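In what follows, a structure is listed as structure tokens, so that the remarks can point back to it.
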Amino acid sequence: RHAICILVFGCASALSVYLISCLHQPSPHHPPGGHNNPNSLQPGVDPRPFSLLDPVKDLNLASFQRSEATAPPQGLFLSRQEDLGADSNHSHRPLPTNAWYQNLLLLRGEPSNLHRVYSSPYLMDVTSDIPGLRTQSTRVLASTDVLQLTSNEQFGLTMGAAKDFTRKHSSSADLSHAYSILRTTNLGLTLKWNAFNMAATIVKGMPYTTMEYSERSSRNKDEVLLPTISSPIDLAKAPIIDGSDKLDCSLEGATAFVDHELELQFFESDFTWLVFFSQPVWIQCKSWAGTTIQILEPEDETDDLGQPLIVRTALLNSCTTGRNGNTCKEGLGDRLPEENSVKEFANVLRKNSCFYPGKDGSVSLDVNDDSEYGNVVIDWDAQPMCTNDRQQEVLDSNSEGNSTNSEGGLIMFALPHHTDRLGSSMDPDGFHFCKSSLNGRTCLVQGSVWTLQEHLPRIGLQAPRLPYPGFVPALSEALEKDIEYSLPEFFERGAGDTYFSGKMLSKLGRILLIAEELNDICEGKVDVGELSGQYDFACSNITLPTAAQQESALDRLRRSVEVWINGTAQAPFVYDEAWGGVVNCGCNFNGDHCKNKFPDCPAFTDQGLNFGNGFYNDQHFHYGYHIHAAAVVAHFDSEWGQKHFEQVLLLVRNIANPSEA
């Protein structure tokens with residue numbers, strides 16, 4: 001269980017969870033462990049929260065309301081009230097504060113070029129010429145000093161909505177690009193645009209971009225908005241419809257019927273894109289001073305089958321003719337050799353186009369405490385966009401080649417640490433296809449659920465190996481001075497920052513652990529194997545801290561840790577009602593004490609104070625130091641560990657909770 005936490009959430013916090021939970025004994029307020037405990041991790045069950053206690057109502061943490069300027073934008077999270085539910089006992093629920101898609105959660109008004117995310121291997125943004133989601137191909141530039149992800153937004157392709165371009169005064173420049181958040185998960189988020197009833201789920205590793213249109217048009221007075229595919233550059237040739245027919249988009253008023261697929265080749269970028277439709281559609285297009293393809297309203301209301309229209313785009317080839325030297329450059333960070341297998345890649349994209357990642361994707365842990373292995377289970381919530389008959393049509397139309405799998409499925413790009421666990425058996429139809437990304441090669445795999453098996457190492461306070469006998473005298477000499485180490489008096493009062501105080505607390509904890517280990521070695525309490533003679537010699541002429549010295553050091557550590565977690569610190573931890581996290585109030589330090597006092601919390605307005613703690617920067621290792629120090633105290637004083645278990649666990653929950661609750 002604890003090793004899985006390390007793999008998923010980070011080392012320092014997982015180690016501390018292990019130490020504290022090992023020492024925590026059942027009480028009427030803390031149910032015992034095991035599979036009957038609603039807080040325990042159960043095999044095959046989504047992880048529950050580490051604790052069900054409310055930070056404010058149950059643990060008496062002070063509550064703080066930050067200003068609107070740094071709070072989640074009003075009305076952005078449509079599901080917030082739904083997630084809170086009617087149960088007021090669990091009203092304190094978090095929003096993501098350190099997600100890979102965090103930029104999209106900070107929208108106020110209209111989006112800017114800051115509102116973009118790297119979904120690997122593509123860059124996604126919401127600031128193109130029309131409301132919607134733009135997909136950009138990327139390159140990785142590297143030198144001895146810089147590693148940089150670059151893209152050319154002019155070469156991107158946008159799926160969204162725009163005014164019917166055949167009508168007079170049809171410019172879409174005045175349309176709002178703003179959106180709302182329908183859902184957030186550990187894997188990604190779902191956006192819903194304000195200008196048109198359309199939504200898109202964004203997760204990492206998408207080979208396609210997917211837009212779901214809940215309506216086929218929107219009318220406002222004389223204006224008509226239509227589902228639209230847009231690019232600021234012109235087509236190199238007429239789009240290919242369903243593999244054969246062509247539509248001349250240079251002619252005004254050009255329209256055509258599309259059963260399931262469009263192929264678009266652009267001139268300046270030299271990119272070729274595939275576009276897939278969940279239903280047959282009529283389109284209109286133009287390609288001068290940019291390219292616009294719009295999906296027309298059904299002539300008969302029954303033509304849409306009463307279902308949302310789902311449109312998917314995928315970049316097929318970034319070097320179609322070889323005319324663009326930048327996009328055709330080969331090598332890691334640019335175009336990989338597999339990308340030359342264009343026909344095979346096209347077959348895979350077509351065959352698997354009917355399945356897309358849904359908005360309820362999840363990460364769960366399948367762990368048994370008695371096992372040496374555990375599983376991280378990634379469920380992409382795969383959704384079909386085709387009926388069974390339509391899926392069969394897609395498969396029949398793509399029956400060429402040596403397909404070994406008669407059915408399509410969800411395909412995603414996986415990073416190297418995923419493919420190491422998944423193996424080649426998940427290559428779609430045995431086809432190995434990879435692209436460059438900022439994280440290395442990212443390769444296609446097929447499967448709606450990924451199970452990543454990990455070995456679970458045993459976690460403890462001491463290293464699995466003893467210090468070399470020759471180092472024991474030097475360690476004991478350093479301990480003579482270090483065992484007297486004390487934190488500055490202001491840190492003992494909880495004044496100052498959480499970073500340097502945490503480092504000093506953790507340092508004193510480590511000193512105590514070293515003293516314990518050397519005493520155990522020299523007193524014969526540990527098995528040293530064939531080196532017993534060398535350890536006996538090393539221990540014969542050294543002086544180790546006495547029990548009184550160790551108890552005094554432990555008392556200093558105990559007091560200094562406790563002041564930060566019991567609410568009496570001059571710079572106390574508080575609960576951020578806006579984002580749902582634990583933040584330090586902040587300290588305007590004058591060299592001896594904090595000039596401010598709660599509820600005056602400068603951390604919520606000063607982004608540089610305490611290294612940005614009030615803005616959720618670096619909390620994992622700030623709090624990791626404090627958690628580790630508390631774990632050391634609990635190691636030596638289990639009664640203290642039981643008494644302050646939930647207070648310390650609150651910091652753990654803030655940075656390493658396997659549950660989204």
Side-chain angles (χ1 to χ4, degrees), residues 128-137 153-167 170-173 175 177 193 195-196 198 200 208-213 215-218 223-299 303-304 308-317 320 349-350 353 385:
S128 68
D129 55 333
I130 64 172
L133 185 61
R134 176 167 55 186
T135 306
Q136 301 180 46
S137 179
E153 64 181 27
Q154 293 292 104
F155 295 171
L157 191 67
T158 303
M159 277 195 300
K163 296 178 184 178
D164 184 345
F165 68 76
T166 64
R167 298 179 177 240
S170 62
S171 171
S172 297
L175 293 178
H177 288 56
W193 276 263
F196 198 81
M198 58 186 179
Y208 316 79
T209 303
T210 306
M211 185 70 75
E212 180 177 319
Y213 295 94
E215 59 186 359
R216 296 284 280 268
S217 66
S218 176
E223 295 180 345
V224 178
L225 269 64
L226 298 172
T228 301
I229 298 168
S230 174
S231 171
I233 59 177
D234 293 342
L235 292 168
K237 62 181 185 180
I240 300 174
I241 301 173
D242 297 326
S244 57
D245 298 333
K246 295 185 178 181
L247 174 63
D248 188 352
C249 294
S250 65
L251 300 176
E252 188 171 351
T255 63
F257 176 79
V258 181
D259 185 65
H260 61 268
E261 177 195 310
L262 274 179
E263 183 177 321
L264 308 176
Q265 181 183 330
F266 291 90
F267 181 79
E268 186 178 350
S269 64
D270 203 26
F271 287 2
T272 296
W273 300 78
L274 295 180
V275 184
F276 303 98
F277 302 92
S278 62
Q279 306 165 19
V281 295
W282 279 91
I283 64 169
Q284 63 185 19
C285 70
K286 69 180 184 71
S287 185
W288 58 88
T291 300
T292 303
I293 298 171
Q294 295 188 315
I295 301 166
L296 301 175
E297 298 177 88
E299 293 184 4
D303 287 351
D304 64 3
L309 172 66
I310 298 171
V311 184
R312 310 191 76 192
T313 61
L315 179 60
L316 172 62
N317 193 355
T320 305
L349 287 175
R350 290 182 172 115
S353 61
M385 78 168 191

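Quick note: numbers below take in every heavy atom, side chains included, and nothing from hydrogens, waters or symmetry partners. Everything quoted here is computed from the prediction, not taken from an experiment.
- Nearest heavy atoms, L226 versus S217: CD2-CB, 3.9 Å.
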Item to complete: Could you walk me through whether S137 and F155 pass side chain to side chain contact (heavy atoms under 4.5 Å, CB included), step by step?
Response: CA-CA 8 Å; S137 179; F155 295 171; over 6 Å; no
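- Counting heavy atoms from C-beta on, the side chains of F271 and L157 never come closer than 4.5 Å.
- Side chains of E153 and Q136: a donor-acceptor N/O pair is absent below 3.5 angstrom, by distance only.
- In terms of modelled atom types and a separation under 3.5 Å, the side chain of R216 and the main chain of L309 share no donor-acceptor contact.
- When only modelled atom types and interatomic distance are considered, Q265 and T320 share no side-chain donor-acceptor pair under 3.5 Å.
- Minimum heavy-atom separation, F277 to V275: CZ-CG1, 3.7 Å.
- Contact check for D242 versus H260: side-chain heavy atoms found under the 4.5 Å cut-off.
- Side-chain N or O atoms of H177 include one that pairs as donor or acceptor with a backbone N or O of I130 at under 3.5 Å.
- Across every non-hydrogen atom of P308 and S278, the tightest pair is O-OG, 3.8 Å.
- A donor-acceptor contact shorter than 3.5 Å links the side chain of Y213 to the backbone of G160.
- With hydrogens and angles ignored, the 3.5 Å screen pairs a side-chain donor or acceptor of Y208 with a backbone N or O of L349.
- Under the 3.5 Å distance criterion, with hydrogens and angles disregarded, a donor-acceptor pair is assigned to the side chains of Q294 and T228.
- Taking each heavy atom of Q154 and S231 in turn, the nearest pair found is O-OG, 4.1 Å.
- The side-chain heavy atoms of M211 and W193, taken from C-beta on, include a pair separated by under 4.5 Å.
- Annotation: side chain of T255 is in contact with side chain of Q284 (closest heavy-atom distance under 4.5 Å).
- Separating the CG atom in L264 from the CD1 atom in I293 is a distance of 4.5 Å, to the nearest 0.5 Å.
- Separation of atoms CG (L247) and CG (L262) is listed at 8.0 Å; rounding is to 0.5 Å.
- Closest approach of A289 to D234, counting heavy atoms only: N-OD1, 3.3 Å.
- In this structure, V311 and I295 approach most closely via the heavy-atom pair CG2-CD1, 3.8 Å.
- Crowding of F165 atom CZ: a count of heavy atoms from other residues, nucleotides or ligands under 6.0 Å exceeding 12.
- Of the inter-residue distances, the one linking E215 atom CD with F196 atom CZ reads 4.5 Å to the nearest 0.5 angstrom.
- In this structure the side chain of I233 reaches within 4.5 angstrom of the side chain of S269, judged on heavy atoms.
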